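Below: one structure, written as structure tokens.
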Amino acid sequence: MSELKVYNSYSRQKEVFTPVTPGHVGMYVCGPTVSGESHLGHARPYITFDVVYRYLTHLGNKVRYVRNITDAGHFEEEGREAEDKISKKAVLEKLEPMELVQKYTNLFHWAMDKFNNIPPTIEPTATGHIVEQIGMIEQIIEAGYAYESNGSVYFDVKKYAASHDYGKLSGRVIEDLLETTRELEGQEEKRDTADFALWKNAAPEHIMRWKSPWGVGFPGWHIECSAMATKYLGAQFDIHGGGMDLLFPHHESEIAQSTICNHVAPVRYWIHNNMITINGRKMGKSYNNVIKLTELFSGDHPLLSKAFHPMVIRFFILQTQYRSTLDFSNEALQAAEKGLKRLWDAYEKLPALKHEGAAAPDAELEAKVISLVAAFEEDMNDDFNTAKVLAGMFELVPVINSISDNIIPVTALSKETLALLQKQMKTYVEDILGLKSVTEQDSHHLQGVMQLLIDIRKEAKANKDFVTSDKIRNQLAALGITLKDEKGGGMSWTVEG
RNA sequence: GGUCCUUUGGCCGAGUGGCUAGGCAGAGCUCUGCAAAAGCUCGUACAGCAGUUCGAAUCUGCUAGGGACCUCCA
């Protein structure tokens with residue numbers, strides 16, 4: 001049995017994963033900013049870390065999974081307009097800020113549920129932790145690493161960098177950062193352009209505002225994660241995850257803030273997922289190339305030929321290692337859809353396979369199945385390589401189909417190996433990869449009706465009454481129900497999802 | 001401009017220096033009343049150039065293309 005290795009963005013190499021407290025894992029993942037609808041790009045981290053969460057749990061850990069909701073609103077373009085993202089939208093849509101936040105939070109939860117993502121164990125909101133954030137800022141000021149300026153508070157990057165490794169996570173050189181000449185409004189409040197805001201003075205038109213020792217304002221972007229992670233996971237915790245685009249400045253700044261407050265590096269393993277691209281370019285609002293999740297599920301988008309089931313998206317994402325970019329196209333999604341169907345069809349045949357006792361094992365097949373099944377864990381342990389796990393499953397698909405169709409007798413496998421195959425497939429397909437059926441659970445009534453039709457068709461076929469048998473199959477097809485004759489004389493059916 | 005990453009067959013994508021990735025699409029065959037599935041077989045891909053090595057998609061250098069971050073960003 002191998003050990004779990006994860007790629008740590010901080011050290012830029014794979015490291016054996018050892019939690020601070022054996023048997024317990026603290027994991028923090030940067031959650032959504034609920035000022036708008038989630039798009040395909042947002043789906044990747046939440047599915048990626050859902051699998052991480054599931055796998056760590058599978059390994060026997062008790063995982064505290066914290067994923068925040070950013071509902072406090074940040075700058076659209078910092079300094080330039082000084083507009084609070086959420087409050088601006090609120091005016092446009094004539095909604096209370098919190099009403100807007102609620103709407104998009106609900107929508108986010110709905111999408112997460114569709115993806116079969118397990119909810120985090122704690123989902124704290126930024127607005128619910130203003131007190132903690134203010135407390136942390138006060139600590140940083142006390143320690144001498146932040147200064148007040150015009151009702152705002154900034155982190156003193158230059159001073160921090162003199163004794164700490166600012167820039168290590170994101171591969172940034174501090175001298176370059178300090179030399180940046182970028183001219184932004186509001187910069188004159190800072191001592192250095194590299195300094196970042198811990199607290200911002202709120203202009204009168206800001207709807208979201210809180211009292212603080214420095215006046216009325218709102219927290220800077222980075223402090224919420226530091227405050228909430230510290231509160232729920234402690235000064236030092238195991239995993240911090242998020243998209244690669246958050247490396248700088250977000251996570252770099254988090255390290256600085258937390259280190260000053262807690263006197264210890266906050267995170268042991270930084271895990272970052274890569275981007276989803278579209279025509280080779282990152283999907284993002286600024287590129288105007290986003291496909292919202294609702295559009296994906298409905299097919300209502302110029303780039304989409306049809307609606308795609310959330311499970312297809314999940315499968316599509318898991319077919320790629322999380323640290324690679326994943327290029328989106330309608331064609332790629334269609335391929336994923338067909339692939340998932342092939343995998344799932346075989347998977348569903350598995351429970352019905354029964355071993356009839358007397359074994360005539362095929363040593364070669366036996367060994368193949370055992371090694372393929374064992375590889376699931378090896379591959380997951382190698383930095384959560386779900387792409388390889390799925391490839392291995394696809395190698396098992398012909399074996400499962402052949403046994404099911406009696407091309408290979410079930411006795412070619414030993415009873416134990418068949419049981420192992422059934423058990424491990426279920427564990428990895430459902431519990432770890434979190435896949436589930438694309439079709440709705442059918443009612444007992446429908447199942448009864450279908451059984452009746454199948455019986456009639458079987459009789460017709462036995463009597464060579466192909467008019468009747470074809471009529472049943474064709475009319476069902478018109479209703480979106482596919483009826484298939486199987487090798488052993490049985491019939492199976494699927495409803496078009 | 002700075003820093004870093006990347007370039008695999010028609011498409012998507014794994015790849016630990018030597019052994020078939022896998023999926024989709026395509027071709028042929030088998031099974032089948034027909035259909036759909038399913039099974040079997042097939043394409044011998046690693047941006048280019050040079051180097052290291054007995055041997056490189058995998059290591060090094062150069063060239064070219066693409067991308068990310070440096071600003072809100074998953």
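All chains are named by letter (A, B, ...) in the order of the sequence lines, taking the proteins before the strands, and each is independently numbered beginning at 1. The shown structure was predicted, so the numbers you read here are calculated from the model rather than taken from an experiment.
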Regarding the side chain of A:F466, the nearest nucleotide among B:A36, B:C70, B:G33 is B:G33

So, A:S149 versus A:E189: side-chain donor-acceptor pair below 3.5 Å or not?
no

Is a donor from one side chain sitting under 3.5 angstrom from an acceptor on the other, for A:N385 and A:Y322? no

- prompt: Contact class for A:L390 vs. all strands (heavy atom < 4.0 Å): base, sugar-phosphate, or nothing?
  reply: nothing

Q. Regarding A:N274 and A:S324, is there a side-chain donor-to-acceptor distance under 3.5 Å anywhere?
A. no

### Side-chain N,O (A:N385) to OP1/OP2 (B:G15) below 4.0 Å
yes

Side-chain contact check for A:K461: nearest option of B:C34, B:A38, B:G39 is B:C34

message: What's A:M244 touching, base or sugar-phosphate or nothing? Going by heavy atoms closer than 4.0 Å.
response: nothing

Exercise. Does the A:T386 side chain pair with the main chain of A:L318, one donor and one acceptor, at a distance under 3.5 Å?
Worked result: yes

### Message
Using atom P in both nucleotides, what's the gap between B:U6 and B:G61 to the nearest angstrom?
### Response
13 Å

Exercise. In whole angstrom, give me the gap between the C1' atoms of B:A21 and B:A14.
Key: 6 Å

- Does a distance-only test, which skips hydrogens and angles, find a donor-acceptor pair under 3.5 Å between the side chain of A:D327 and the base of B:C11? no

Whichever of A:G339 and A:S324 has the more 5' nearest nucleotide on RNA chain B, that residue is A:S324

Looking only at B:C69, B:C34, B:A38, the nucleotide nearest the A:K282 side chain is B:C69

Check this one for me: any side-chain N or O of A:Y322 less than 4.0 Å away from OP1 or OP2 of B:G13? no

Here RNA chain B, pairs taken as Watson-Crick or G-U under 3.5 Å and shown with ( ), [ ] when crossing and | when to another strand, reads (((((((..(((.....[...))).(((((.......)))))....(((((..]....))))))))))))....

(message) Before we go on, tell me: are the rings of A:W110 and A:F297 under 6.0 Å apart, centre to centre?
(response) yes

By nearest-nucleotide position on RNA chain B, the 5'-leaning member of A:D470 and A:V397 is A:D470

_Heavy-atom donor-acceptor pair, A:D362 side chain to A:L365 backbone, under 3.5 Å_ = yes

To the nearest angstrom, the CG-P distance between A:N401 and B:U30 comes to 20 Å

Exercise for the section: Identify whether any heavy atom of A:Y287 sits under 4.0 Å from a base atom; if not, whether one sits that close to sugar-phosphate; answer base, sugar-phosphate or nothing. Expected result: sugar-phosphate

Original post:
Between B:U16 and B:U58, how far is it from one C1' atom to the other, in whole Å?
Top reply: 9 Å

Closest of B:C69, B:A74, B:A38 to the A:M283 side chain is B:A74

Do A:H222 and A:H251 make the cut of ring centroids closer than 6.0 angstrom? no

Separation of B:G1 atom C1' from A:L177 atom CG, nearest Å, is 14 Å

Please write out each protein N/O paired with an N/O of nucleotides 16-21 of chain B under 3.5 Å, distance rounded to 0.1 Å.
none

Are any side-chain N or O atoms of A:D405 and backbone N or O atoms of A:I407, one a donor and one an acceptor, separated by less than 3.5 Å?
no

- request: For B:C31 versus B:G39, give the span between their C1' atoms, rounded off to a whole number of Å.
  value: 8 Å

### Query
With a 4.0 Å cut-off on heavy atoms, is A:D345 in touch with a base, just the backbone sugar-phosphate, or nothing at all?
nothing

| request: Using the C1' atoms only, state how far B:C59 lies from B:A25, rounded to an integer number of Å. | output: 35 Å

Practice prompt. Could you work out the separation of B:U60 and B:U53 based on their C1' atoms and round it to a whole Å?
Written response: 12 Å

Main-chain N/O of A:A227 paired to A:Q133 side chain as donor or acceptor, under 3.5 Å:
no

Exercise for the section: Tell whether A:R473 reaches the base of B:A35 with its side chain through a donor-acceptor pair below 3.5 angstrom. Expected result: yes

*Please state whether the phosphate of B:G67, meaning OP1 or OP2, lies under 4.0 angstrom from any side-chain nitrogen or oxygen of A:R281.*
yes

Quiz item: What distance, rounded to whole Å, do you find between the two P atoms, one in B:A50 and one in B:G55?
Solution: 15 Å

Exercise. Does the ring of A:Y7 carry A:R323 above it, NZ/CZ under 6.0 angstrom from centre and within 45° of its axis?
Worked result: yes

Against the side chain of A:R457, the closest entry in B:G33, B:C69, B:A25 is B:G33

A:K338 atom NZ is separated from B:C11 atom C1', nearest whole Å, by 12 Å

>> Measuring only the P atom in each nucleotide, how far is B:C46 from B:G10? A whole number of Å is fine.
In response: 10 Å

**Centroid-centroid distance, A:Y46 to A:F115, less than 6.0 Å** = no

Regarding the side chain of A:F394, the nearest nucleotide among B:G22, B:A38, B:A14 is B:G22

Note to self: Considering every strand and a 4.0 Å limit on heavy-atom distances, what is the contact class for A:I407: base, sugar-phosphate, or nothing?
What the structure shows: sugar-phosphate

Side-chain contact check for A:K484: nearest option of B:C34, B:C70, B:A37 is B:A37

**Request:** Kindly say if A:N273 contacts the phosphate of B:A74, meaning a side-chain N or O under 4.0 Å from OP1 or OP2.
**Result:** no

Testing B:G39, B:C12, B:C70 for proximity to the side chain of A:A332, the answer is B:C12

- Query: Between A:Y154 and A:F196, is a ring pair (Phe, Tyr, Trp, His ring centres under 6.0 Å) present by the stated rule, with each step listed?
  - Reply: CA-CA 5 Å; A:Y154 294 97; A:F196 56 87; 9.0 Å; no

Separation of B:G13 atom P from A:F315 atom CZ, nearest Å, is 13 Å

Between A:D383 and A:K14, the two heavy atoms sitting closest are CB-CE, 4.1 Å

Regarding the side chain of A:Y46, the nearest nucleotide among B:A74, B:A14, B:G39 is B:A74

B:A38 phosphate, OP1 or OP2, under 4.0 Å from A:R342 side-chain N/O: yes

